[in-house]
Structure formats: C-alpha cells, structure tokens
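Notes for the one structure printed next.
All values below come from the heavy atoms of this structure, side chains included, with hydrogens, waters and symmetry mates left out.
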Amino acid sequence: MDDIRNLTGMHIDILREIGNIGAGNAATALSTLLNKKIEMAVPRVQIATFAEMMESIGGPEQVVACVYLRIEGEAPGNMFFVLPPEQAERFVRRMIGDDSFSFQGEAHELGCSALQELGNILAGSYLSALADFTHLNLHPSVPALAIDMMGAVLSFGLLELSRVGDYAILIDTAIYDERRPDESINGHFFLLPDPESFSTIFRALGVDGL
C-alpha cells in the first residue's frame, strides 16, 4: 500500500456514505428484531492510526465489550464493534426486556448472545454496504465476543501480527430508540483492512491516490 496520508476529503466522504448506508440497513434490521423503531447515526468517520484508535476508546487498559470478526474475500481484514460495558448492558436490557440484566448476573449467556447478534447485524450491514459500493467479494466470519481490556481484545483479534496494518477506518455509531432519542447507545466500529486491502478498496471505488 502507498502512503495512507494521501487520503483526501473525497475518500472520507465515500467512507462516510458507506457508513451511513450501513447504519440505515442496520437500523432496519434492529427495528425488525426489537419490534420498535430504531434509528442509527454516524456522527464521525475517520482514518486513524492504530494508536489513535486505541486512544479513542480510552487506551489499551480500558475495559470494553467487543464483537470481533474476520473479513474474508478480495479485501481481507478485521472488524471490531466496541462498546463500554455499561452501554452494552443498556442495549441488552432493551433487547431482552429485562431492566435488571447485568453481565455479572445469571443471564450472562443470554446477554452475550444478544450482544453478538447486535455485532453480527452491524458488521453485516456495514460490510454489505462496502461490498455493494466496491463490487468486491467480501464475507464475514462467525463473530466472537469478548469483555476485556481493549489491548487484550485487539491481541485476540489480531493474532496474525504480520498482517496488521498501521491504520484503521473508525465509524462512530449511535443507536437510539425513536421514543427515547436522548438515551443513545454509543459505540465504535473499527475496520482494520490488511495492509494491501486499503488500495484494493479505493481502486474498486474508482478513487486514485493510494
């Protein structure tokens, strides 16, 4: 891959549009799943260094709830959906209709399953939008869930260290019930393409410069 610093506003605009379409698809799927109107917003899309990505969630020792999956196909990479544990618990409470739910409680397995489904829907929606834009063959692995320090989560998800690039695509994600817009669930969606995949993605989008 050539220097990622050659990315322009046009690249970011394209990534933001992909993020918005993915969020719209995910909101539709979540609305069906929860039987209520769910809205999603993408307040920020950016290209960040690995260190900036870590810092955006509070550093490597910050405990997070994270759904991870591997992207296979013509532009392989890794995807992470990261939430603070209290935000993850809030989502699960709404999903299962139990306001007493805690990851420390007896319903832990049910909560993990609900959170995995959220990550699966979000990842599938964003990846589908990216595949539609690029016409690349992209497909996700089965998602894995971890509640741990961010550094440990990333180490688990990036075992093939030689394949880790220096940059990630960050898509901030806000999920909220239409009836309670002031109680959004805020997470971070990270796409870490393998080093050669950035060029593949932007060439497929018809944007030169990488």
Side-chain angles (χ1 to χ4, degrees), residues 15 18-36 38-45 53-54 56-58 62-73 75-98 101-103 107-132 138-159 168-177 184-193:
L15 293 175
I18 291 170
N20 284 328
I21 291 174
N25 293 341
T28 299
L30 286 172
S31 296
T32 300
L33 181 67
L34 300 177
N35 196 30
K36 63 178 68 174
I38 299 297
E39 299 286 351
M40 286 187 62
V42 178
R44 182 179 63 157
V45 176
M53 182 188 73
M54 295 288 283
S56 72
I57 49 82
Q62 180 68 42
V63 175
V64 297
C66 176
V67 178
Y68 157 78
L69 55 86
R70 176 74 182 161
I71 304 168
E72 302 292 351
N78 300 279
M79 300 175 80
F80 298 83
F81 179 63
V82 177
L83 286 166
E86 62 272 16
Q87 296 271 339
E89 285 181 345
R90 185 190 302 176
F91 172 79
V92 172
R93 287 169 187 157
R94 293 182 187 178
M95 189 168 181
I96 67 176
D98 181 0
F101 170 80
S102 168
F103 282 111
H108 180 79
E109 185 175 343
L110 176 61
C112 288
S113 177
L115 197 57
Q116 273 185 294
E117 183 61 20
L118 170 63
N120 202 28
I121 288 171
L122 287 173
S125 296
Y126 285 130
L127 196 57
S128 177
L130 181 61
D132 287 346
L138 304 171
H139 49 91
S141 68
V142 175
L145 174 67
I147 300 175
D148 205 338
M149 291 187 295
M150 188 62 184
V153 168
L154 284 178
S155 295
F156 167 77
L158 302 174
L159 292 177
I169 299 170
L170 275 62
I171 303 174
D172 287 348
T173 301
I175 307 167
Y176 54 93
D177 188 330
S184 65
I185 295 168
N186 302 301
H188 303 280
F189 189 82
F190 301 141
L191 171 59
L192 282 69

- If you take all heavy atoms of Ile57 and Gln62, which pair is closest and at what distance? O-CG, 3.0 Å
- Note on the structure: Between the CG atom in Leu69 and the NE2 atom in His139, the distance rounded to the nearest 0.5 Å is 12.0 Å
- CD1 of Ile175 to CD of Glu39, rounded to nearest 0.5 Å, is 12.0 Å
- Query: So which heavy atom on Ser56 is nearest to which on Phe190, and how close?
  - Reply: OG-CZ, 3.7 Å
- Atom pair OG/CZ of Ser184 and Arg90 - distance to nearest 0.5 Å: 7.0 Å
- Item | Smallest separation among heavy atoms of Ala129 and Ile18, with atom names | CB-O, 3.7 Å
- Can you list the residues that meet the side-chain hydrogen bond (donor to acceptor under 3.5 Å, both in side chains) rule with Thr173, with sequence neighbours excluded? Tyr126
- Straight-line distance of Phe80 CZ to Tyr68 OH, nearest 0.5 Å: 6.0 Å
- In sequence, state the C-alpha distance, the side-chain angles, and the governing distance for Leu118 and Leu33, and then conclude on side chain to side chain contact (heavy atoms under 4.5 Å, CB included). CA-CA 10 Å; Leu118 170 63; Leu33 181 67; over 6 Å; no
- Item | Heavy-atom closest pair, residues Ala26 and Met40 | CB-SD, 3.5 Å
- Note on the structure: On a heavy-atom basis, the closest approach of Ile171 and Gly19 is CD1-CA, 4.4 Å
- Query: Among Val67, Asp148, Ile147, which residue meets the side-chain contact (heavy atoms from CB on, under 4.5 Å) test with Val153?
  - Reply: Asp148
- Leu127 side, atom CG; Leu122 side, atom CG - distance, nearest 0.5 Å: 12.0 Å
- Item | Donor-acceptor contact present, side-chain Ser31 to main-chain Ile38, <3.5 Å | yes
- Message: Keeping Arg70 on the side-chain end and Gly77 on the backbone end, is there a donor-acceptor pair under 3.5 Å?
- Response: yes
- Task: Please lay out, stage by stage, how Leu30 and Phe91 fare under the test side chain to side chain contact (heavy atoms under 4.5 Å, CB included).
- Result: CA-CA 11 Å; Leu30 286 172; Phe91 172 79; 4.3 Å; yes
- Trace of the side chain to side chain contact (heavy atoms under 4.5 Å, CB included) decision for Leu130 with Leu191: CA-CA 11 Å; Leu130 181 61; Leu191 171 59; 4.1 Å; yes
- Item | Check ion pair Glu89-Arg93 (N to O, under 4.0 angstrom) | yes
- Message: Nearest 0.5 Å, please: how far is CG in Leu145 from CG in Asn120?
- Response: 11.5 Å
- Closest non-hydrogen contact found for Gln87 with Asn186 is OE1-N, 2.9 Å
- Quick one: does Leu170's side chain get under 4.5 Å of His188's, heavy atoms only? no
